[in-house]
Number of protein chains: 2
Amino acid sequence: MTADPALPQIEDLLCFSVYSAGLAFNQLYRPLLDDIGLTYPQFLVMVALWNHEGCSVKELGEALFLDSSTLTPLLKRLEAAGLITRLRNPRDERQVLLRVTGKGNGLKGKAAQVSCAIAGAVGISAEAARALRTSLDDIRDKIHDHAE
Amino acid sequence: MTADPALPQIEDLLCFSVYSAGLAFNQLYRPLLDDIGLTYPQFLVMVALWNHEGCSVKELGEALFLDSSTLTPLLKRLEAAGLITRLRNPRDERQVLLRVTGKGNGLKGKAAQVSCAIAGAVGISAEAARALRTSLDDIRDKIHDHAE
DNA sequence: GGCATATAAATCGCGTGCAAATTAATCGCA
DNA sequence: TGCGATTAATTTGCACGCGATTTATATGCC
């Protein structure tokens, strides 16, 4: 019954709690977002774009901690779905500026409903959620700092 | 400055804190695990197998909250690397039983070192980590319950 | 101006995650 | 015993994530 003391149980790893909670959120969002034709990462991108109209791929990536190699194909799918536009910045042709279309803005209401449904399913107080977010964001930032 | 009250900022979503912390853990583990030839999910599988010798794919999936369609290809890669064996259970040929090879067990020490390095980089107390794990595990379990 | 350097996206390859369908083996029950 | 229902694993298709490379554009320095 006594395990190797240097070797943790999977349940004792903080990273695993984060990992499995992340999977669970994905599974919780999936059926709700299916109704509006978005994946979970696409939903996060849309939320970010609703608050960062006209930003570049790089700026979006900084907000979401994602690389352009992840975002480019995802953004092309959102463009193909008619939810956003991708246009080169005339002032700096290296950048691609992202804008939400009318159709994309039409999802705001349903997206807000999904957010509320999620909050209800998770069922923790706003105060507890805030504390948890702070802890997780601190860890994330510390890890990023650690990598310089 | 006042955003649509029904529409959250990305930073206000608990799911995003979990999501981005998960990405950060992955990025933190990657270079360390590269040295022993494992990916982050493969590392989690090995930790689970070290504590569940001889379990089936289904049992492993229950421990990690992963589907067999995710695990089968991953386990085949671990088998190809010589770290585990996959053998049908003679008592029930539907099951595949997983065992760690000598080579696989040889990674235990280095895996433990990686765990310690991670704990150091995250830099929170064991007590704070335990509290955080409890909160995240509660949320994960509540989400799973919610899906029945 | 001219050219090395730096920056922003896009591309490529690989390994997850997971829904849906398939295959093989076991169970349950008349 | 036999056969439909259940279960375990695999396969397939698609969408991430990300390291590494490539392409196109802009910057800096002479």
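Quick caveat: nothing in here was measured; it's all calculated off a predicted structure.
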### Query
Where do A:Ala81 and A:Lys103 come nearest, in terms of heavy atoms and distance?
O-NZ, 3.0 Å

#### Entry: Heavy-atom closest contact (A:Leu64 atom, B:Leu23 atom, distance)
O-CD1, 4.3 Å

### Query
Which of parallel (below 30°), tilted (30 to 60°) and perpendicular (above 60°) describes B:Tyr19 and A:Tyr40?
perpendicular

### Query
Any idea which of D:dA9, D:dC16, C:dA9 is nearest the A:Leu74 side chain?
D:dC16

### Task
Figure out the CG/C1' separation between B:Asp67 and C:dA21, and round it to whole Å.
13 Å

### Message
For C:dA19 and A:Gln27 - does any side-chain N or O of the residue sit under 4.0 Å from the phosphate oxygens OP1/OP2?
### Response
no

### Query
Taking atom P of D:dA8 as reference, at what distance in whole Å does atom CG of B:Leu60 sit?
14 Å

### Query
Does D:dT7 have OP1 or OP2 sitting under 4.0 Å from an N or O in the side chain of B:Gln95?
no

### Atom pair distance, as rounded to whole Å: CG in B:Leu71 and P in C:dG15
16 Å

## Note on the structure
Which of C:dA24, C:dA9, C:dT7 is nearest the side chain of B:Arg94? It is C:dA24

### Query
Does the side chain of A:Thr39 get closer than 4.0 angstrom to OP1 or OP2 of D:dC16 through an N or O atom?
yes

### Query
Does A:Arg86 put a side-chain nitrogen or oxygen below 4.0 Å from OP1 or OP2 of C:dA10?
yes

### Query
Are the charged groups of A:Arg86 and A:Glu79 less than 4.0 angstrom apart, N to O?
yes

### Message
So, does A:Arg77 get its side chain near the phosphate of D:dC16, meaning an N or O under 4.0 Å from OP1 or OP2?
### Response
yes

### Closest listed nucleotide, where the reference is the side chain of B:Pro41 and the choices are C:dG17, D:dC18, C:dG15
C:dG17

### Task
Provide, to the nearest angstrom, the distance between the CG atom belonging to A:Leu64 and the P atom belonging to D:dC18.
11 Å

### Closest-nucleotide 5' rank along DNA chain C - winner of A:Asn26 and A:Thr72
A:Thr72

### Task
Can you tell me the distance, in whole Å, between the NZ atom of B:Lys58 and the P atom of C:dA25?
19 Å

## Note on the structure
Tightest non-hydrogen contact, residues B:Lys142 and A:Ala121, listed as CG-O, 3.4 Å

### Task
Would you mind telling me which residue lines up with the more 5' stretch of DNA chain D, A:Pro90 or A:Gln42, judged by nearest nucleotide?
A:Gln42

### Gap between atoms CG and P, on A:Leu23 and C:dT16 respectively (whole Å)
13 Å

### Query
Under 4.0 Å: is that the gap between some side-chain N or O of A:Thr70 and OP1 or OP2 of D:dG17?
no

### Query
So, does the side chain of A:Ser69 form a donor-acceptor pair with the base of C:dA9 at under 3.5 Å?
no

#### Entry: d(CG, A:Leu33; C1', C:dG17) in whole Å
16 Å

### Query
Should B:Tyr19 be listed as having a side-chain N or O under 4.0 Å from OP1 or OP2 of D:dG17?
yes

### Query
Passes side-chain hydrogen bond (donor to acceptor under 3.5 Å, both in side chains), B:Ser20 versus A:Arg140? Steps please.
CA-CA 7 Å; B:Ser20 58; A:Arg140 180 195 64 213; 2.9 Å; yes

### Query
So, is A:Lys76 near the phosphate of D:dC16, with a side-chain N or O under 4.0 Å from OP1 or OP2?
no

### Query
Between atom CG in B:Leu75 and atom P in D:dT11, what is the gap in whole Å?
12 Å

